Amino acid sequence: MRDALNQILSVNATLVAQRQNEDMKKISGWAAILFAPTLIAAVYGMNFDNMPELHWAFGYPMAVGGMVAFAGGLYWMFKRNKWM
């Protein structure tokens, strides 16, 4: 009886650890997705004078589009690998 109880507790602990690993995958994936736009926005927030795209009419839309495309690409990759 004691051996069976030990095995049941061991299986339960393994299942809990597996669920926690799945949650950590999702949290890490969302952190990476949110990091991508933050990185691009940080470069644009530095107020450099010699950034050629600042004087270009499509500079801001291209930056926002890059943020969306990068985050969307990461989401698609994580979804394909079953992290999301």
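Predicted, not measured: the structure shown is a model, and the values here were computed from it. We're numbering straight along the sequence, starting at 1.
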> Roughly how far apart are Ile8 CD1 and Asp3 CG, rounded to 0.5 Å?
Replying inline: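 Between atom CD1 of Ile8 and atom CG of Asp3 there are 10.0 Å.
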> In Å and rounded to the nearest 0.5 Å, what is the CG to OG distance from Asp23 to Ser28?
Replying inline: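 Between Asp23 CG and Ser28 OG, I get 10.5 Å after rounding to 0.5 Å.
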> Quick one: does Thr14's side chain have a donor or acceptor within less than 3.5 Å of a partner on Ser10's backbone?
Replying inline: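 Such a contact is found between Thr14 side chain and Ser10 backbone.
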For a quick test of reading the model, state the closest non-hydrogen atom pair linking [X] to [Y] and the distance between them.
X     : Y     : answer
Ala63 : Ile40 : O-CG2, 4.2 Å
Lys25 : Trp83 : O-CE3, 3.5 Å
Leu74 : Ala36 : CD1-CB, 4.0 Å

> Counting only heavy atoms not in Phe70, do more than 12 sit closer than 6.0 Å to its CZ atom?
Replying inline: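 Atom CZ in Phe70 is not crowded, with 12 or fewer foreign heavy atoms closer than 6.0 Å.
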>> Check for me, please, whether Met77 and Trp30 land in the same ILVMFWY cluster - side-chain distances under 4.5 Å, paths through other members count.
In response: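 As far as the 4.5 Å side-chain criterion goes, Trp30 and Met77 are connected within one cluster.
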